[in-house]
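Inspection log for the structure reproduced underneath, given as structure tokens.
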2 protein chains.
Amino acid sequence: MTNSPFDNLYVALVHYPVLNKRGKNIASALTTIDMHDIARASITFGVRGFYVVTPLMDQQVLAHEVIQHWTEGIGGELNPFRKRALDLIRVVSTFEDAIMEITQERAEPVITVATSAAKHEHKNGRTITTREFANKLNSKDSHLIAFGTAWGISEEFIQNCDFMLEPVYGVTGYNHLSVRSAVSIILDRICKRDM
Amino acid sequence: MTNSPFDNLYVALVHYPVLNKRGKNIASALTTIDMHDIARASITFGVRGFYVVTPLMDQQVLAHEVIQHWTEGIGGELNPFRKRALDLIRVVSTFEDAIMEITQERAEPVITVATSAAKHEHKNGRTITTREFANKLNSKDSHLIAFGTAWGISEEFIQNCDFMLEPVYGVTGYNHLSVRSAVSIILDRICKRDM
């Protein structure tokens with residue numbers, strides 16, 4: 001299965017509910033470079049769709065403006081590679097909306113997977129490694145990995161997902177990668193599922 | 001050797017000589033988010049120093065302002081994790097300056113390694129995989145990996161390096177990751193050298 005795109009893998013970048021620095025639930029603002037970097041990583045590793053999840057209407061408008069500039073506007077003419085990447089982006093109000101859309105697209109159950117830079121105890125011990133997750137992709141089910149902006153997705157959100165991925169451990173104990181880096185590393189690791 | 005930081009690994013983000021879209025050599029402008037993301041990835045994976053290479057004085061001033069804000073200014077107070085990461089950054093005018101500084105720091109030969117999203121024929125066939133490079137880190141030599149901004153480091157620069165790393169291949173043939181993603185993935189792969 002190596003080197004074939006995943007027709008059952010989706011990525012979500014979650015802007016609500018996420019934590020602020022003090023651990024309170026907030027809706028975070030869009031960071032447009034997240035859209036670019038994660039779309040580029042998604043297309044590189046064969047992800048089927050990349051959901052930008054935000055309930056804030058003004059942030060949805062901004063997301064659509066960025067996408068339009070690069071897919072239909074002058075950006076797409078100047079940089080066709082960027083156009084291909086940003087074509088993957090789908091803007092939705094809630095994570096549930098993403099799940100519903102995927103269900104319509106593939107007519108299979110959607111397995112949801114949370115990520116966090118910090119170690120959490122997932123209910124029922126459902127924390128899995130990247131390799132275990134990669135093996136799950138061999139099933140017909142759809143799979144949606146959620147990445148949090150700001151200080152990470154909320155505890156309740158994590159517990160509502162079917163599984164949780166182990167954090168990306170480096171070598172120094174420092175665990176404050178950008179979400180752009182975390183998505184890139186995790187997709188690269190998943191892609192090596194047969195190694 | 002897994003899970004110990006690398007005291008002989010350095011990263012350079014090169015702003016000259018790099019290519020523009022038409023393949024001409026230019027000096028690119030600083031992208032401050034590159035500094036943040038690459039510093040955070042560097043500290044995560046135990047890199048000893050992260051060189052921002054730019055001959056442009058105004059860009060050096062900007063780089064120092066960003067570093068100062070986050071290491072000595074209010075940014076460091078608000079976010080001590082960011083301070084730790086940005087403390088790794090060293091601003092130099094040329095790649096040769098970085099090599100000289102590393103030589104003074106470790107008194108060992110500096111092995112230089114170029115990266116590119118595109119496949120190049122390196123002189124003497126010195127293109128190596130991430131795993132081969134990771135094995136080299138077991139020697140005493142210092143190692144400096146160069147990442148290009150804009151459309152990548154120039155051909156002459158690549159040929160002047162001792163080795164060249166294989167591009168990061170995904171699964172779709174799309175090879176236009178951001179430099180932030182490429183650095184993160186390559187450091188993660190190197191870190192898994194004993195796997």
Side-chain angles (χ1 to χ4, degrees), chain A residues 1-7 9 21 31-48 78-85 87-88 117 130-131 151 167-195, chain B residues 1-7 9 21 31-48 78-85 87-88 117 130-131 151 167-195:
Chain A
M1 297 287 287
T2 302
N3 291 330
S4 63
F6 304 103
D7 73 345
L9 177 61
K21 197 183 162 186
T31 304
T32 61
I33 206 158
D34 289 353
M35 297 173 60
H36 288 270
D37 280 17
I38 297 173
R40 292 160 80 181
S42 292
I43 194 168
T44 300
F45 295 108
V47 168
R48 181 154 178 175
L78 292 174
N79 191 336
F81 298 115
R82 199 60 63 88
K83 170 176 166 28
R84 273 180 65 196
D87 270 336
L88 282 187
T130 324
R131 186 167 306 198
W151 290 69
V168 171
Y169 295 116
V171 297
T172 58
Y174 184 94
N175 66 340
H176 303 275
L177 288 170
S178 73
V179 70
R180 300 169 288 281
S181 292
V183 172
S184 304
I185 289 169
I186 286 174
L187 290 180
D188 181 54
R189 289 184 179 184
I190 290 170
C191 178
K192 305 221 151 8
R193 51 183 163 166
D194 290 342
M195 278 181 66
Chain B
M1 296 283 289
T2 302
N3 291 331
S4 63
F6 303 103
D7 73 344
L9 176 60
K21 197 184 163 187
T31 304
T32 61
I33 206 159
D34 289 352
M35 295 173 63
H36 288 269
D37 281 16
I38 298 174
R40 291 160 80 181
S42 292
I43 194 168
T44 299
F45 294 107
V47 168
R48 180 152 178 176
L78 292 174
N79 191 336
F81 298 115
R82 199 60 64 88
K83 170 176 167 27
R84 273 180 65 198
D87 269 337
L88 282 188
T130 324
R131 187 166 305 198
W151 291 69
V168 170
Y169 295 116
V171 297
T172 58
Y174 185 93
N175 67 339
H176 303 276
L177 288 169
S178 73
V179 69
R180 298 169 289 281
S181 292
V183 172
S184 304
I185 291 169
I186 287 174
L187 290 181
D188 181 54
R189 290 184 179 185
I190 290 171
C191 177
K192 307 221 149 9
R193 52 184 164 166
D194 290 341
M195 279 181 68

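Predicted model, so just to flag it, every value in this text is computed and none were measured. The sequence lines fix the lettering, A, B, ..., with proteins before strands; numbering per chain opens at 1.
Chosen from R82(B), H176(B), K21(B), H36(B), the residue pairing most often with chain A at heavy-atom distances under 4.5 Å is H176(B).
Residue L78(B) touches chain A through both its backbone and its side chain, counting heavy-atom pairs closer than 4.5 Å. Residue contact with chain B, scored on non-hydrogen atoms closer than 4.5 Å, involves the side chain of I33(A) exclusively. Contact annotation for I38(A): neither backbone nor side-chain heavy atoms come within less than 4.5 Å of a heavy atom of chain B.
The two residues F45(B) and Y169(A) have their closest heavy-atom pair at CE2-O, 4.1 Å. For T44(A) against L177(B), the heavy-atom pair with the smallest separation is OG1-CD2, 3.5 Å. Minimum interatomic distance between V171(A) and C191(B) (heavy atoms only, all atoms of both residues): CG1-SG, 3.1 Å.
Checking S184(B), S181(B), S178(B) one by one against D37(A), the side chain to side chain donor-acceptor pair (under 3.5 Å) holds for a single residue, S178(B).
The backbone N or O of F81(B) sits less than 3.5 Å from a side-chain atom of Y174(A), completing a donor-acceptor pair.
Legend: residues meeting salt bridge (Lys or Arg N to Asp or Glu O under 4.0 Å) with R84(A), ordered by chain and number and at least two apart, are absent.
Atom CG of N175(A) is separated from atom CD1 of I43(B) by 11.0 Å, given to the nearest 0.5 angstrom.
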